[in-house]
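Values reported hereafter were calculated over all heavy atoms of this structure, with side chains retained and with hydrogens, waters and symmetry mates removed. Nothing fancy with the numbering, it's 1 onward along the sequence.
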Amino acid sequence: MTTAAAAGLGVQIGAVRLRNPIIAASGTFGYGLEFAHLVDLNRLGGLVVKGLSREPMEGAPPPRLVETPSGMLNAVGLQNVGVRAFVAEKLPALRKYATAVIANVFGSCMDDYVEVLKILEDADGLAAYELNISCPNVKRGGMQFGGDPVLVSEVVSAARKAAAKRPLWVKLSPLIADISLTARAAAEAGADALTVANTYPAMAVDFRSGKSRLGNLTGGLSGPAIKPITLRLVWEVRKSVEIPIIGLGGIEKVEDVLEYLSVGATAVQVGTASFANPQVTEDLVSELERALTRANLPSVSEIARNFAPENS
């Protein structure tokens with residue numbers, strides 16, 4: 001990649017400068033290190049490590065993945081080594097790479113989020129935090145944090161106080177009638193950027209056995225099937241807040257990236273596509289550079305200006 005082209009791909013997400021808008025999504029890229037022999041991590045704009053909890057979690061029983069038409073169901077159950085093991089065992093190796101590393105954080109109550117963030121605050125090598133609020137709040141009867149603007153405000157405010165050192169991204173749930181409500185709640189509570197959006201709860205059953213095809217009864221739907229839905233959510237959120245948006249859902253081709261940027265995303269995360277092609281993130285960086293050259297655009301920031309104002 002030429003210096004001029006590299007500059008044209010650069011994006012700014014609040015205080016975080018990325019060399020390009022292609023980010024590997026949490027839960028599909030391990031801790032990043034598992035892909036280092038397949039992908040030049042330094043070519044990516046960033047990578048979001050799999051969700052980190054206060055204590056290690058074994059996750060859901062198998063099977064954890066089921067292919068669906070134009071997509072995939074997953075029920076991994078947020079398996080991870082726990083935040084302390086991540087800091088001690090994973091983060092030192094990640095510091096060797098010149099790409100932005102974002103720590104995804106989740107919990108089952110407010111204290112979990114705060115404790116994980118406090119541990120991460122004392123560690124070097126992270127560019128930002130991403131808060132996964134699509135988790136049940138065990139202290140509120142299991143209601144998802146991300147489904148209620150009041151809960152969103154509470155958890156983001158608590159996280160903001162605990163995470164004063166680094167930018168805070170909030171990963172929104174798609175399970176709300178008006179996503180602008182949770183988007184504004186997160187922004188007003190201190191979020192620096194929003195990831196739109198998490199997976200969609202869904203099922204796959206075997207009518208012969210009468211059982212779920214997953215180890216759990218339900219899983220999260222991702223892949224190309226959800227892109228048109230999430231594309232609209234990004235557009236809705238863009239009209240509601242001023243902070244940057246990271247689009248996530250069904251991205252496989254450079255055209256998908258350009259569509260998300262057109263409706264207001266500053267960057268995108270690539271998830272399910274990495275299962276079919278582990279090198280897709282790096283491929284998209286090269287394809288995006290070529291797309292800008294063909295369109296005679298000096299930078300990716302020009303793409304959003306082509307979206308007709310009457311469509312906003």
- Residue pair E259, K227: steps toward the salt bridge (Lys or Arg N to Asp or Glu O under 4.0 Å) verdict: CA-CA 10 Å; E259 289 175 15; K227 193 192 82 174; 2.7 Å; yes
- Can you list the steps and then say if R54 with D112 is a salt bridge (Lys or Arg N to Asp or Glu O under 4.0 Å)? CA-CA 6 Å; R54 179 188 271 187; D112 287 346; 3.7 Å; yes
- Intermediate values then yes/no, salt bridge (Lys or Arg N to Asp or Glu O under 4.0 Å), R95 and D124: CA-CA 8 Å; R95 293 190 192 110; D124 294 326; 5.5 Å; no
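If you check the side chains of S53 and N80, you find a donor sitting under 3.5 Å from an acceptor.
Here the closest heavy-atom approach between residue A60 and residue A75 is recorded as CB-O, 3.1 Å.
Hydrophobic cluster of M72: the remaining members, joined at side-chain heavy-atom separations below 4.5 Å, are L65, F275, listed by chain and number. Apart from V76 itself, the hydrophobic cluster it occupies contains nothing, where clustering links Ile, Leu, Val, Met, Phe, Trp and Tyr at side-chain heavy-atom distances under 4.5 Å.
Taking T218 as the reference, nothing meets the side-chain hydrogen bond (donor to acceptor under 3.5 Å, both in side chains) condition, with sequence neighbours excluded. Judged as a salt bridge (Lys or Arg N to Asp or Glu O under 4.0 Å), and not counting sequence neighbours, D122 has no contacts. For the side-chain hydrogen bond (donor to acceptor under 3.5 Å, both in side chains) test, no residue two or more places apart in sequence or in another chain qualifies with R213. Residues satisfying the side chain to side chain contact (heavy atoms under 4.5 Å, CB included) test with T68, not counting sequence neighbours, are L73, L221. Qualifying ring-ring contact (aromatic ring centres under 6.0 Å, His included) partners for Y113, counting only residues two or more places apart in sequence or in other chains: F145. Here E55 pairs with nothing under the side-chain hydrogen bond (donor to acceptor under 3.5 Å, both in side chains) rule; sequence neighbours left out. Under the side chain to side chain contact (heavy atoms under 4.5 Å, CB included) criterion, A273 pairs with E252, V270, V280, not counting sequence neighbours. Residues passing the side-chain hydrogen bond (donor to acceptor under 3.5 Å, both in side chains) test with E121, sequence neighbours excluded: Y129.
The closest donor-acceptor contact from the side chain of S157 to the backbone of S153 lies under 3.5 Å. E130 places no side-chain N or O within donor-acceptor distance of the main-chain N or O of L168, the cut-off being under 3.5 Å.
Here the CZ-CG distance, from R184 to D178, works out to 6.5 Å after rounding to the nearest 0.5 Å. Once rounded to the nearest 0.5 Å, the distance linking CG of L41 with CZ of R43 reads 12.0 Å.
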Donor-acceptor pairs under 3.5 angstrom involving side-chain atoms of residues 22-35: please list them, not counting sequence neighbours.
unit_1, atom_1, unit_2, atom_2, d
S26, OG, V49, O, 2.9
S26, OG, G51, N, 3.4
T28, OG1, A25, O, 2.9
Y31, OH, V81, N, 3.1
E34, OE1, Y31, N, 2.8
E34, OE1, G32, N, 3.3
E34, OE2, Y31, N, 3.4

For a quick test of your reading: what N or O donor-acceptor pairs under 3.5 Å do the side chains of residues 196-203 make, sequence neighbours left out?
unit_1, atom_1, unit_2, atom_2, d
N198, ND2, N132, OD1, 3.2
N198, ND2, S134, OG, 3.2
Y200, OH, T230, OG1, 2.8

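Within 6.0 Å of CD in Q12 there are more than 12 heavy atoms belonging to other residues, nucleotides or ligands. Counting non-hydrogen atoms of neighbouring residues, nucleotides and ligands closer than 6.0 angstrom, the CG atom of D206 exceeds 12 such neighbours.
No chain of hydrophobic side-chain contacts below 4.5 Å, direct or via other Ile, Leu, Val, Met, Phe, Trp or Tyr residues, connects V114 to L126. One hydrophobic cluster, built from ILVMFWY side chains closer than 4.5 Å, holds both I245 and L258.
The cationic atom of K171 (NZ for Lys, CZ for Arg) does not lie both less than 6.0 Å from the six-membered ring centre of W169 and within 45° of the ring axis.
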